[in-house]
Amino acid sequence: MRNPATARTLPRALHPGAWWLWALGLAAAVSQSSNPLIAVLAVCAAGTVVARRRTDAPWALAFRLYLLVGVLIIVSRVVFRVIFGGGQGDIVLFTLPRIPLPETAGGIRLLGPVALEQLLGGLYDGLRLAAVVACVGAANALADPKRLLKSVPGALYEVGTSVVVAMTVAPQLVESVRRVRRARRLRAGRRRGVRALRGIVIPVLEDALDRSLALAAAMASHGYGRVGAVAPRTRLFTGLLVIGGLIGVCVGLYGLMDSSTSPHMGTWGIAVGLALATAGFVLGGRRVRRTRYRPAAWRGAEFLTAGAGAAAVVFMQLASRYEAAALYPSLNPLAWPELTLLPFLALVAAASPAWLTPPPLSVLDPDRALRPLVGEPERVRPVRPVRRTAEPNPEDT
Amino acid sequence: MIRFAGVTFHYPDAPAPALRDIDLSVEEGELCLVTGRTGVGKSTLLNAVNGLVPRFTGGHLRGRVSVAGQSTADRPPQEFAHLVGVVGQDPLAGFVTDTVEEELAYGMEQLGVPADVMRKRVEETLDLLGIAELRHRPLRTLSGGQQQRVAIGAVLTPHPRVLVLDEPTSALDPAAAEEVLAAVTRLVHDLGTTVLVAEHRMERVLQYADRLVHLPGDGRVLHGEPAALVADSDVAPPVVRLGRAAGWDPLPLSVRDARRRAAPLRRRLAGRVPGTPPARDTAAPALRARDVVVAYGRTVAVREVDLDLLPGEVVALMGRNGSGKSSLLWAVQGSGPRRSGTVDADGADPRDMDAAGARERVGLVPQTASDLLYLDTVAAECAQSDAESGAAPGTCRALLDRIAPGVPGGRHPRDLSEGQRLSLVLAVQLTAAPGVVLLDEPTRGLDYHAKERFSRVVRELAGEGRAVVVATHDVEFVARAADRVVVMAQGEVVADGPTAEVVVASPTFAPQVAKVLAPDPWLTVEQVESALAPEEQRT
């Protein structure tokens with residue numbers, strides 16, 4: 001038997017799917033309220049988890065970028081409300097010169113008096129959206145996007161590989177363009193303008209074409225796309241099942257998130273979609289004679305993480321039934337937003353993976369992580385006894 | 001193991017078949033070296049082994065190619081993955097994943113190898129090729145030699161019975177090439193893998209080969225014992241040519257063989273000295289660089305390097321992959337980044353001038369020379385070059401005809417051979433009549449003949465009073481063409497002096513003739529031949 005305490009604390013990379021389930025759960029939870037306190041605390045929860053559990057890999061720096069996008073969203077929402085404010089609200093903060101529009105523009109009003117309620121409405125809205133974006137960013141920072149693609153079901157393997165290849169092509173193209181532009185200067189060719197484009201685009205495209213042919217040949221000789229003996233009819237059938245199922249799941253999710261549609265559409269859509277997709281994956285997976293190198297394991301910590309996301313959604317659902325007023329703080333009359341018990345529990349659940357999951361592995365240089373244990377004591381030791389005998393340090397005792 | 005039976009292969013629209021009536025059989029556990037000049041169909045032959053030719057190239061293949069009894073006509077290349085491992089010329093272009101460990105596992109995943117076996121084989125392969133410390137590294141950050149070893153490892157993990165390597169060491173420095181070849185010979189000896197390898201620089205592989213397959217260029221294939229076949233082959237490494245000049249029989253294939261028989265030759269050469277290049281008057285240098293620093297972020301590529309280039313001198317710039325050679329050339333030319341330091345080319349710093357002005361002082365042919373070409377025909381490129389440089393119409397074409405006569409003007413630059421394309425780019429750059437010419441890795445992909453012609457071109461350029469710098473890994477080319485060698489390591493110049501002095505003392509940079517005849521300062525077969533010639537006339 002594995003000691004559960006060690007299993008939890010031994011550094012390892014969590015299954016990327018678990019991080020995504022957690023993040024999507026948190027995003028779904030946040031989107032159910034316009035309470036700015038909840039939104040800000042949700043970003044804090046996501047940030048805590050990212051700070052404690054991200055690796056030192058390049059994609060782990062993505063979270064900062066998503067926060068920046070969030071700030072942009074908030075600012076643009078508020079500015080939008082100022083420009084097209086419509087002047088609702090009693091507490092007017094200041095008045096901007098109004099730009100008169102012709103009668104045909106109808107109810108649209110540009111600038112004019114700016115009310116506090118109107119600004120806060122924009123701010124709350126922006127915060128909610130920014131929190132959702134931050135959740136996606138957290139998932140991106142925590143889960144290696146390529147490892148996620150590697151964990152797709154066997155039936156989708158070929159699609160997953162194509163996406164991975166496509167993802168490596170983009171940086172290669174950028175590199176090619178830089179190289180050719182630099183080479184253009186050697187010929188004293190133009191580096192800007194339409195005529196220069198030909199001198200840059202043609203070598204880059206030729207390069208890309210050559211490279212993709214070489215890659216295709218390499219993949220084929222590695223055995224990519226070995227089919228074995230599967231009837232084309234079976235392949236078509238499984239393909240239809242999988243795609244139909246995925247569409248069903250999407251429809252179901254839309255139904256769940258959008259409160260204006262019938263709740264049955266959501267539950268039934270998801271159920272039928274999942275059933276179809278699972279059947280497709282099982283059928284498709286059976287014909288695949290392929291294996292995975294070091295497949296990402298799904299153990300207790302993964303269940304905890306995904307469960308934390310699910311718990312956040314459940315608590316918020318309960319809150320919308322029993323404490324609905326606290327989820328949508330009133331703007332008219334203006335009231336302080338409040339944090340009640342159920343949303344608080346949702347946020348605690350969301351932040352819990354920061355402590356419940358095993359710490360991440362150091363990706364870049366495992367040797368460097370060991371060095372302080374191995375190298376330093378030897379260097380320090382000879383110094384200490386000398387200092388102690390010469391003048392006893394009062395702090396030592 | 002591999003059997004070609006009556007194989008003839010035609011590329012579409014080609015006037016003559018690339019391979020004609022080939023009957024060849026390679027037995028299990030052999031290391032088979034494929035030689036021949038550029039463009040005679042070496043890659044075609046290699047890629048036909050697992051059916052990439054004709055399935056990925058088009059063309060018509062007649063006859064039967066089979067591996068372990070399975071014909072390539074019946075199955076696509078995918079179904080040969082467990083039998084044949086293929087490594088292409090550019091390892092980076094063939095990588096599917098992006099870290100070392102995943103790349104090693106990729107082939108096994110396709111074959112459905114169980115997870116625990118995969119884990120074990122990845123570890124074994126990491127050790128076999130000596131790349132265990134690189135396991136988590138992204139593939140793009142590796143050096144050329146490391147990439148090549150990962151590419152070989154990636155095809156080894158499924159335990160193929162045949163390994164096909166196309167120019168595995170062409171982009172590598174001598175030390176890295178040794179590493180790769182050592183790994184390959186270990187496979188042959190320890191695992192009994194059959195290896196088919198094409199290589200321009202035969203001197204690196206010939207001594208390990210059990211069998212030589214030579215493509216003379218008319219579509220035929222000659223094969224047999226290396227020692228017998230190489231005796232009258234048109235491509236031969238220096239050690240074989242030295243053996244021919246000294247009249248040894250059988251011919252030596254390795255430096256060790258030759259060294260053991262060289263004592264009489266050394267005695268015959270005693271008292272003679274190789275014809276030293278005429279001493280140059282150390283007048284004003286054509287280019288003077290001081291304290292050049294190139295840094296990318298916190299990585300210092302070139303660290304406070306001083307470099308003087310004299311007119312009429314050929315300087316070879318050597319050093320490991322990634323030692324800062326290219327960065328130095330680009331910085332000196334003025335188009336690449338330079339953090340500090342000064343360059344004085346004919347009274348001005350090329351960095352401070354516009355691109356056209358910099359080009360008239362210092363011309364650079366980059367590593368991927370084809371980046372400079374973008375028009376449809378050779379003639380159009382030449383005309384464009386005349387216009388760019390403000391030279392009289394026809395200047396570029398005249399230069400091209402002098403460097404490589406007979407390049408058809410209507411041909412698309414991509415359809416030229418490697419050597420012709422290099423000549424075209426060189427002509428384009430020479431149209432501006434620069435006093436200093438910098439060449440970055442020009443000898444890559446050139447066969448012995450093309451290299452010989454190119455070294456004559458380089459000497460001619462120097463003869464016209466230009467200063468020429470050639471960054472290269474090719475020690476034989478350096479021995480023949482360079483007056484002076486500058487060796488770089490970690491961005492610093494670690495050796496700078498006349499070719500004979502720098503090269504003879506170094507175990508990695510010494511050419512084969514120097515290794516055989518050390519401590520005497522002979523570098524090339526030509527030097528030995530001309531020293532022996534008068535003696536033979538006398539007797």
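Proteins get letters first, then strands, A, B, ... in listed order; numbering begins at 1 in each. Fair warning: this is a prediction, and the values are worked out from it, not measured in the lab.
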Colleague: Identify the two heavy atoms, one from B:His412 and one from A:Glu206, that lie closest to each other, and give their separation to 0.1 Å.
Modeller: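 That closest heavy-atom pairing would be CE1-OE2, 3.9 Å.
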
Colleague: Applying ring pair (Phe, Tyr, Trp, His ring centres under 6.0 Å), can you list everything that pairs with B:Tyr106, at least two apart in sequence or on another chain?
Modeller: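 Expected list: A:His222.
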
Colleague: Pick one of side chain, backbone, both or neither for B:Gln384, based on which atoms fall under 4.5 Å of a heavy atom in chain A.
Modeller: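 Interface part for B:Gln384: both.
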
Colleague: Can you give me the closest heavy-atom contact between A:Ala220 and B:Phe56, atom names plus distance?
Modeller: CB-CZ, 3.6 Å

Colleague: Provide the closest heavy-atom pair for A:Arg185 versus B:Ala358 in the form atom of the first, atom of the second, distance.
Modeller: NH2-CB, 4.0 Å

Colleague: Go through it in stages, so that I can follow the logic: the residues are A:Val204 and B:Tyr374, the test is side chain to side chain contact (heavy atoms under 4.5 Å, CB included), and I'd like the CA-CA distance, side-chain angles, deciding distance and then a yes or no.
Modeller: CA-CA 10 Å; A:Val204 167; B:Tyr374 60 98; over 6 Å; no

Colleague: Measure distances from B:Pro434 to the heavy atoms of chain A and classify the residue's part below 4.5 Å as side chain, backbone, both or neither.
Modeller: neither

Colleague: Quick one: what part of A:Asp207 sits under 4.5 Å from any heavy atom of chain B, side chain, backbone, both or neither?
Modeller: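 Contact with chain B is absent: no heavy atom of A:Asp207 under 4.5 Å.
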
Colleague: Identify the two heavy atoms, one from B:Glu109 and one from A:Tyr293, that lie closest to each other, and give their separation to 0.1 Å.
Modeller: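 Smallest heavy-atom distance, with atoms named: OE2-N, 2.9 Å.
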
Colleague: Quick check on B:Arg121 against chain A: is it the side chain, the backbone, both or neither that has a heavy atom closer than 4.5 Å?
Modeller: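 Neither part, no heavy atoms under 4.5 Å.
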
Colleague: Top residue by heavy-atom pair count (under 4.5 Å) with chain A, among B:Ser335, B:Gly85, B:Ala105, B:Gly107?
Modeller: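 Option with the top pair count is B:Ser335.
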
Colleague: Taking ring pair (Phe, Tyr, Trp, His ring centres under 6.0 Å) as the definition, give me every residue that meets it alongside B:His159, ordered by chain and number, with sequence neighbours left out.
Modeller: none

Colleague: When you look at CG of A:Leu205, are more than 12 heavy atoms from neighbouring residues, nucleotides or ligands closer to it than 6.0 Å?
Modeller: yes

Colleague: Among residues at least two apart in sequence or on other chains, which ones pass ring pair (Phe, Tyr, Trp, His ring centres under 6.0 Å) with A:Phe63?
Modeller: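 If we apply the ring pair (Phe, Tyr, Trp, His ring centres under 6.0 Å) test to A:Phe63, skipping adjacent residues, there are no hits.
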
Colleague: What residue in B:Pro77, B:Ala432, B:Ala115, B:Ala93 has the most heavy-atom pairs under 4.5 Å with chain A?
Modeller: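 Most heavy-atom pairs within the cutoff with chain A belong to B:Ala93.
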
Colleague: Can you tell me which of A:Ala218, A:Ala217, A:Ala216, A:Pro203 forms the most heavy-atom pairs within a distance under 4.5 Å of chain B?
Modeller: A:Ala217

Colleague: Name the member of B:Val155, B:Val122, B:Leu373, B:Val84 that forms the most heavy-atom pairs with chain A at distances under 4.5 Å.
Modeller: B:Val122

Colleague: I'd like to know which of B:Asp90, B:Leu52, B:Asp354 tops the heavy-atom pair count under 4.5 Å against chain A.
Modeller: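 Among B:Asp90, B:Leu52, B:Asp354, the one with the most close pairs to chain A is B:Leu52.
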
Colleague: Please flag which part of B:Leu92 lies under 4.5 Å from any non-hydrogen atom of chain A: side chain, backbone, both or neither.
Modeller: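 When you check distances to chain A, no heavy atom of B:Leu92 falls under 4.5 Å.
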
Colleague: Near B:Arg161 CZ, under 6.0 Å, is it more than 12 heavy atoms from other residues, nucleotides or ligands?
Modeller: no

Colleague: Can you establish whether the number of heavy atoms outside A:Arg64 located under 6.0 Å from its atom CZ is more than 12?
Modeller: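 Not buried by this count: 12 neighbours or fewer within 6.0 Å.
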
Colleague: Which residue out of B:Ala151, B:Pro158, B:Gly51, B:Gly334 racks up the most heavy-atom pairs below 4.5 Å with chain A?
Modeller: B:Gly334

Colleague: Between B:Gln110 and A:Tyr224, which heavy-atom pair has the shortest distance, and what is it?
Modeller: OE1-CA, 3.6 Å

Colleague: If the contact rule is any heavy atom under 4.5 Å from chain A, which residues of residues 361-371 of chain B qualify, in numerical order?
Modeller: B:Leu364, B:Pro366, B:Thr368, B:Asp371

Colleague: Please report the interatomic distance CZ(B:Arg414) to CG(A:Leu209), rounded to the nearest 0.5 Å.
Modeller: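 It is 8.0 Å, given to the nearest 0.5 Å.
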
Colleague: For B:Gln333 versus A:Leu186, what's the shortest heavy-atom pair and its separation?
Modeller: OE1-CD2, 3.4 Å

Colleague: Measure the CD-CE distance between B:Gln78 and A:Met219 for me, rounded to the nearest 0.5 Å.
Modeller: 9.5 Å

